[in-house]
Amino acid sequence: MGEPAPIDVRAPLLAWYDANRRDLPWRRTRDPYRILVAEVLLQRTRVASGVPYYERFLARFPTVRDLAAAPLDDVLAAWEGLGFYRRAKHLHAAAQAIVNRHGGTVPRSYEVLAALPGIGPYTAGAIASIAFGLPVPAVDGNVTRVISRLFRIRSDVTRPPARRRLAELAADLVSVDRAGAFNQAMMELGATICTPVSPACERCPVEGLCLARAAGEEREIPLSGRRAAVRTVRVAFALIEAKGRVLLVRRKPGELLGGLWSLPGGEIPPERPEREIVRELVKEQTGVAVNIRSRWAPIARTFSHRKWSGSIYRGAPQKPPRSHGDIRWIPISEALRLPLVPFHRDAIRSLGGLEAFEGR
Ligand code: SF4
């Protein structure tokens with residue numbers, strides 16, 4: 001690790017933030033529920049793509065009580081397209097805990113916030129500092145990068161010793177008077193100037209205090225031993241339809257896209273022919289015997305650690321199926337109202353137009 005950096009980053013950083021901060025909808029409020037929604041949504045979503053979702057989500061669930069009372073399916077449907085659906089389930093569970101344990105008021109304490117389901121130290125710190133002004137840090141990926149460069153931390157930031165050191169430094173740095181603004185300034189610096197590959201140090205308000213910059217190591221730090229490899233996995237799904245209805249299954253909690261409604265099918269071993277195995281998968285998952293026809297669409301989808309490559313096949317049931325439990329044989333118009341795997345929604349929509357189906 002490097003020398004301790006001067007702690008005087010606060011004043012220049014806050015002045016820079018006041019002059020340069022982006023005007024974002026969650027920065028116009030101190031409503032802790034709105035800040036909770038924004039922080040969870042932005043964990044894996046870029047700011048530009050997150051804004052319309054944030055606005056739609058709050059229009060649909062304007063208060064914590066509205067969110068807590070909503071069925072999980074409605075919450076997942078509002079989240080559809082954002083990915084990382086576990087976030088939506090956590091947000092829903094947190095809202096229910098706020099209503100059930102805290103009378104519908106977001107708790108004003110870092111420790112109590114951190115004890116809510118799905119709320120980690122980062123989100124608890126962000127809400128506590130931004131909504132309530134409590135002097136606690138909020139260390140996300142951007143802040144990790146900024147601190148490790150400022151202090152020239154040359155150990156693996158994915159490992160506990162460096163993480164502990166980062167947490168200590170962040171706690172020392174946070175401004176007592178303007179904790180929320182300071183934490184947002186750190187995040188903003190990481191998102192717009194101190195970026196992962198090409199930091200714009202010449203425009204950085206704390207360039208003169210940055211130890212990595214002084215050592216010419218700003219592109220090398222932070223060090224990370226854990227470079228997640230993206231694994232390509234073959235998949236095949238079946239678009240089973242007849243008389244304006246489609247066959248859907250619900251993906252199991254805990255698996256990729258868990259909780260969403262999906263075409264039957266999934267990951268397949270590399271050696272088996274797709275058409276053959278997709279028929280078996282439909283039977284196994286739904287109990288329905290089907291005839292598989294042509295290949296309908298290719299699949300190439302990348303998730304955080306996995307890439308799906310394969311095909312959607314079109315087919316028809318040998319006998320009209322029955323809906324039960326997490327298996328549905330439903331009109332296309334109803335299917336499109338469920339929280340669906342997004343590229344399965346596209347496939348169902350592309351069947352030729354809803355009106356054409358309903359008119360058959
Ligand atoms: S000087 Fe460069 S590396 Fe250091 S904090 Fe600023 S942008 Fe990041």
Side-chain angles (χ1 to χ4, degrees), residues 40-41 43-45 67 70-97 117-120 228 230-241 245-270 272 274 276-290 292 296-297 299-313 315 317 321-330 332 334-348:
V40 173
L41 194 146
Q43 279 165 18
R44 297 282 200 144
T45 300
L67 179 58
L72 180 59
D73 265 2
D74 289 4
V75 181
L76 290 172
W79 204 264
E80 196 187 306
L82 272 170
F84 300 99
Y85 293 89
R86 202 174 299 171
R87 292 178 301 171
K89 291 178 213 162
H90 284 158
L91 190 52
H92 188 232
Q96 291 182 330
I119 304 287
V230 175
R231 192 161 67 90
T232 300
V233 181
R234 274 182 85 217
V235 289
F237 292 92
L239 179 52
I240 303 297
E241 55 92 14
R245 287 176 178 262
V246 286
L247 185 62
L248 295 178
V249 292
R250 192 168 174 117
R251 293 182 64 78
K252 293 192 175 44
E255 67 181 354
L256 185 60
L257 305 168
L260 296 188
W261 290 90
S262 156
L263 302 177
E267 299 188 356
I268 58 173
R272 300 272 312 275
E274 286 181 358
E276 179 186 309
I277 200 160
V278 81
R279 185 185 323 109
E280 290 172 16
L281 279 178
V282 177
K283 178 81 179 151
E284 195 180 297
Q285 292 170 0
T286 67
V288 179
V290 295
I292 297 294
W296 175 249
I299 298 170
R301 284 282 178 285
T302 304
F303 304 95
S304 55
H305 298 107
R306 187 173 293 223
K307 186 172 172 186
W308 273 1
S309 168
S311 313
I312 296 177
Y313 285 83
R322 287 223 194 101
S323 293
H324 57 93
D326 283 347
I327 298 162
R328 298 225 181 134
W329 174 244
I330 59 169
I332 288 172
E334 280 178 39
L336 292 172
R337 285 200 287 272
L338 291 174
L340 283 165
V341 170
F343 69 93
H344 292 180
R345 174 182 301 284
D346 297 341
I348 294 168

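Any value given below was found using the heavy atoms of this structure, including those in side chains, with hydrogens, waters and symmetry copies removed.
A salt bridge is defined here as a Lys NZ or Arg NE, NH1 or NH2 lying under 4.0 Å from an Asp or Glu carboxylate O, and Glu267 with Arg306 meets this definition. Between Asp73 and Arg250 there is a salt bridge, with a side-chain nitrogen of the basic residue lying less than 4.0 Å from a carboxylate oxygen of the acidic one. Salt bridge Glu334/Arg328: absent, no basic N to carboxylate O contact under 4.0 Å.
Residue Arg272 qualifies as enclosed at atom CZ: its count of foreign heavy atoms under 6.0 Å is above 12.
Looking at Ile268 and Val233, their side chains never come closer than 4.5 Å, going by heavy atoms from C-beta outward. Side-chain contact check for Glu241 versus Leu247: every heavy-atom pair is 4.5 Å or farther apart. Tyr85 is listed as a side-chain neighbour of Leu257, based on a closest heavy-atom distance under 4.5 Å. When side chains are defined from C-beta on, Trp261 does not count as touching Val249, because their heavy atoms never get closer than 4.5 Å. Side-chain contact between Val290 and Lys283 is absent, with no heavy-atom pair separated by less than 4.5 Å. A heavy-atom distance below 4.5 Å is found between the side chains of Leu239 and Ile348. Looking at heavy atoms from C-beta onward, Trp308 lies in side-chain contact with Leu256 at the 4.5 angstrom threshold. Leu72 is listed as a side-chain neighbour of Lys89, based on a closest heavy-atom distance under 4.5 Å.
Here Glu274 contributes atom CD and Ile292 contributes atom CD1; the two are 11.0 Å apart, rounded to the nearest 0.5 Å. Of the inter-residue distances, the one linking Lys307 atom NZ with Arg234 atom CZ reads 14.0 Å to the nearest 0.5 angstrom. Interatomic distance, Leu281 CG to Leu263 CG, rounded to the nearest 0.5 Å: 12.5 Å. If you take CZ on Arg251 and CD on Gln285, they are separated by 8.0 Å, rounding to the nearest 0.5 Å. Residue Leu91 holds its CG atom at 10.5 Å from CD of Gln96, rounded to the nearest 0.5 Å. One finds the CG atom of Asp74 at 10.5 Å from the CG atom of Leu67 (value rounded to the nearest 0.5 Å).
For the pair His90 (side chain) and Val40 (backbone), a donor-acceptor distance under 3.5 Å is absent. Arg345 places a side-chain N or O within donor-acceptor distance of the main-chain N or O of Leu338, the cut-off being under 3.5 Å.
Contact record, Trp329 with Pro317: CH2-CG, 3.8 Å, taken as the closest heavy-atom pair. Leu340 and Leu260 get closest at one heavy-atom pair: O-CD1, 3.8 Å. The minimum heavy-atom distance between Ala88 and Val75, with the atom names listed, is O-CG1, 3.9 Å. When all heavy atoms of Ala97 and Pro117 are compared, the closest pair comes out as CB-CD, 3.7 Å. Pro264 approaches Thr286 most closely through the heavy-atom pair CB-CG2, 4.3 Å. The two residues Leu76 and Gly259 come nearest to each other via the heavy atoms CD1-O, 3.7 Å.
Ring geometry, His344 versus Phe237: the interplanar angle exceeds 60°, so the pair is classed perpendicular (tilted spans 30 to 60°).
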Evaluate side chain to side chain contact (heavy atoms under 4.5 Å, CB included) for Val246 paired with Ile240, printing each intermediate quantity in order. CA-CA 6 Å; Val246 286; Ile240 303 297; over 6 Å; no
